[in-house]
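To keep things clear, I will list the structure first and then write my remarks on it.
All chains are named by letter (A, B, ...) in the order of the sequence lines, taking the proteins before the strands, and each is independently numbered beginning at 1.
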Amino acid sequence: MIPRKVRGFRDQDPGLSQIKQRIISKASEVYRSYGFEHWDTPVLEYADCLGKYLPDDDTVDKGVFSFKSPELEPVLGTDGKDLKDDAGKTYMENHHLSLRYDLTAPLARVYAEKLWMDFMRKQVVEGKAPMFKRFQYGPVFRYEIKVEPGRYRQFEQIDFDTVGAEDVMTDAESCMILSDALEAIGLSRESYVVKVNNRKMLSGYLRSLGIEDLAREMEIIRVIDKADKISLSELEMELGAGRKEKSGGQIKGLGLSSELINPIVELLGAFGDLSTRASVLADLDKLIGDDALAREGLAELYRIDEVLSRLGFEESRINFDPTLVRGLGYYTGPVFEAVSLESYKDAKGKKRKIGSICGGGRYDGLVANLLGMKVPATGASIGIDRLADVLINTGRDMAQAVGPVLIVMFDDQLMMEYQVIARELRSAGIACEIFYGARKQLKKQLSYADKKNCPVAILIGEDELAKGVVTVRNLALGKELSSSISDKQEWKQRVQKEVVREDLVAHVKSIMA
RNA sequence: CCUGCUGUAGCUCAGCUGGUAGAGCGCCUGACUGUGGAUCAGGAGGCCUCCGGUUCGAACCCGGACGGUGGGACCA
């Protein structure tokens, strides 16, 4: 056996962990302020409850980690009752289980499950389904074929969703929430923008060009989704005959005719740089044609702009981007995406862009997969790991967590005294630990404290005990001074202090304040 | 899955046209001192990713496998 971790997964150090926890607590606060309550669901679900992806053997399939349950369970019929054979014996099966690949699919399951009985009794009717608002965070899993840096097979998201509300105001709120949350987390107003578009517009526009086929529409949407990565002319080629990639690869085109390509490219080309919401709306008004669905989508954007403007969310925070479509097929209305506008230099000095950190939209069809009844839903999600990278790489957050106060172990005989001190510090709300390591040289203990980024070390040996004092060493200050002072004695004098035993807690507090 | 580059100490990398290994950082021991950093003196650590081939001889050349990395396809 060789100790190693599974490919595509990672361990998290205290620094990263702390940043992620802060993101979660700040975002949660904002979500709560809009009326969302916290729910959690298991990481493991029946594969068929997560959506349409059913693995047909016990291997990993289509980006989802799946396996067969070791447990035999009854097969259920569409009425929810056990399926039985002619002899009246229940069919048993090892069901397919999947690790959740996002938090939206489990939400749909929770909602559908709660409603299932009522639905069977016809006590819920379409268009009148109850409203449910929840937020949720936790790890999700994807079987990425290619494991790339900054992209893992397990990562965390923090979602909020509203189910059962059709009002486009909920979509507008989603954008405001994203903006508020990002700022609460510490992003400055200039460093990000929430982009908004509406699928209905594009859908309707394509329909007016004669594209009715849903599969065809999805193909086109996937190409348009690359708009932020490739140039307009490259995009044009992908819609048509395909193109050759710089690295030599051949990309197959969709083979559309130029009568179709031209109007699509024209529409996208009209919105290269984001301007004001009002001007985007005005341009769309002229370009979008008179398809009913497209008009409906545009009307929704007008409505969204109305609230945003009324509440003072300027273009720098939330803007319209008609080229935004997002890859997911299940979106049916407004879609949003928050992008970080910052870049940073990686370890090799190479400039890196950060890109998308949040995404979401309206998905009115998702619950229908499980319940057979259309229920409107909308929501969005912040990518916690990606955002943590932003905070670390732009230097806005420290990559190393602050450690506890370390009580140095001089002498076993003094253990009870150390314990008493530890207790006092903890009662005062100060994290601390006593050194229990095997190598007890003072040098080792302080070096341990240094690595753990401890702010303070407390030293009590026989000398201190006899005098009724403790030596308090300010490690954080020492770290600062280490570059400017080379004299050991001077360094020591400036960094540590003997205080009377009774003043210990107060003194430590004053250092850490 | 396709494609370019790459694989040498814990990490970052040197290693000329084939002659069986080097630096910096880190780590360990000690000195200054019951005291992190700095400084100084020592030390440990490598089947040169793996398997096969060419050769008297391979870290180096050739083939393959497997990792890493940069593009791309895919991403419900």
Stretch residues 488-504 of chain A: residues that reach within less than 4.0 Å of RNA chain B through a heavy atom: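 Close to the strand are A:Lys488, A:Trp491, A:Lys492, A:Val495, A:Gln496.
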Let's see if you get this right: which residues in residues 400-409 of chain A place a heavy atom under 4.0 Å from RNA chain B?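 Contacts with RNA chain B under 4.0 Å: none.
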Under 3.5 Å, is there a donor-acceptor pair between the side chain of A:Tyr436 and the main chain of A:Met409?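 Absent.
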Can you give me every donor-acceptor pair (side chain of residues 506-513 of chain A, partner residue at least two apart or in another chain, under 3.5 Å) with its distance?
unit_1   : atom_1 : unit_2   : atom_2 : d
A:Ser510 : OG     : A:His507 : O      : 2.7

So do the side chains of [X] and [Y] get within less than 4.5 Å of each other, counting heavy atoms only?
X	Y	answer
A:Leu465	A:Leu414	yes
A:Arg100	A:Pro139	yes
A:Asp102	A:Asp159	no
A:Lys492	A:Arg473	yes
A:Val163	A:Arg134	no

Please write out the pairs of protein N or O atoms and N or O atoms of nucleotides 25-29 of chain B separated by less than 3.5 Å, giving the distance to one decimal.
unit_1 : atom_1 : unit_2   : atom_2 : d
B:C28  : OP1    : A:Arg439 : NH2    : 3.2
B:U29  : OP1    : A:Arg439 : NH1    : 3.4
B:U29  : OP2    : A:Lys444 : NZ     : 2.9

Look at all strands and tell whether [X] reaches a base, only sugar-phosphate, or nothing, counting heavy atoms closer than 4.0 Å.
X	result
A:Asp102	nothing
A:Asn453	nothing
A:Lys226	sugar-phosphate
A:Leu481	nothing

Expressed as a whole number of angstroms, how long is the span from [X]:[atom1] to [N]:[atom2]?
X	N	atom1	atom2	value
A:Asp463	B:U33	CG	C1'	13 Å
A:Leu459	B:G36	CG	C1'	11 Å
A:Glu238	B:A73	CD	P	6 Å
A:Leu103	B:A76	CG	C1'	15 Å
A:Lys479	B:G36	NZ	P	14 Å
A:Leu442	B:U35	CG	P	5 Å
A:Glu464	B:G34	CD	P	13 Å
A:Tyr330	B:C75	OH	P	14 Å

Interatomic distance at [atom1], [N] relative to [M], whole Å:
N	M	atom1	answer
B:A76	B:G70	C1'	27 Å
B:C16	B:U8	P	16 Å
B:C5	B:G63	P	12 Å
B:G68	B:C40	C1'	39 Å
B:G7	B:G15	P	11 Å
B:A73	B:A9	P	35 Å
B:G18	B:C13	P	25 Å
B:G19	B:A59	P	9 Å

Side chains of A:Gln496 and A:Thr471: is there a donor and an acceptor less than 3.5 Å apart?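 Note: A:Gln496 and A:Thr471 side chains miss the donor-acceptor criterion.
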Donor-acceptor pair between A:Ser174 and A:Arg362 side chains, under 3.5 angstrom: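 No, because no side-chain N or O of A:Ser174 sits under 3.5 Å from a partner of the opposite role on A:Arg362.
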Over 12 non-hydrogen atoms of neighbours within 6.0 angstrom of CZ in A:Arg216: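 Counting neighbours around CZ of A:Arg216, more than 12 heavy atoms of other residues, nucleotides or ligands fall under 6.0 Å, so yes.
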With a cut-off of less than 4.0 Å, is there a side-chain N or O of A:Arg142 near OP1 or OP2 of B:A76?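 For B:A76, OP1/OP2 do not have a side-chain N/O of A:Arg142 under 4.0 Å.
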Does A:Lys443 put a side-chain nitrogen or oxygen below 4.0 Å from OP1 or OP2 of B:G36?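 Affirmative; the distance criterion is met.
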Minimum heavy-atom separation for A:Leu504 and A:Val499, please, with both atom names.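 In terms of heavy atoms, the two residues are closest at CA-CG2, 4.3 Å.
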Specify the closest pair of heavy atoms between A:Pro334 and A:Val168, including all atoms of both residues, with the distance to one decimal.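 Heavy atoms of A:Pro334 and A:Val168 come nearest at CG-CG2, 4.4 Å.
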Report the stems of RNA chain B as range-with-range entries sorted by first number; a stem here is at least three consecutive pairs, Watson-Crick or G-U wobble, both distances under 3.5 Å, and write none if there are none.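 Output for stems: B:1-7 with B:66-72, B:10-13 with B:22-25, B:27-31 with B:39-43, B:49-53 with B:61-65.
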Check salt bridge (charged side-chain N to carboxylate O under 4.0 Å, His left out) between A:Lys479 and all other residues, then give those that pass, not counting sequence neighbours.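 In terms of salt bridge (charged side-chain N to carboxylate O under 4.0 Å, His left out), with neighbours along the sequence ignored, A:Lys479 is linked to A:Asp450.
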Name the residue from A:His96, A:Glu73, A:Arg109 that meets the side-chain hydrogen bond (donor to acceptor under 3.5 Å, both in side chains) definition with A:Tyr46.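 Testing each of A:His96, A:Glu73, A:Arg109 against A:Tyr46, the sole residue satisfying side-chain hydrogen bond (donor to acceptor under 3.5 Å, both in side chains) is A:Glu73.
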About how many Å separate CD1 of A:Ile24 and CD1 of A:Ile19, when rounded to the nearest 0.5 Å?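 If we round to the nearest 0.5 Å, A:Ile19:CD1 and A:Ile24:CD1 are 12.0 Å apart.
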Looking at A:Tyr152, is A:Arg10 sitting on its ring face, NZ or CZ under 6.0 Å from the six-membered ring centre and within 45 degrees of the normal?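 Relative to the ring axis of A:Tyr152, which defines the angle, A:Arg10 lies inside both limits.
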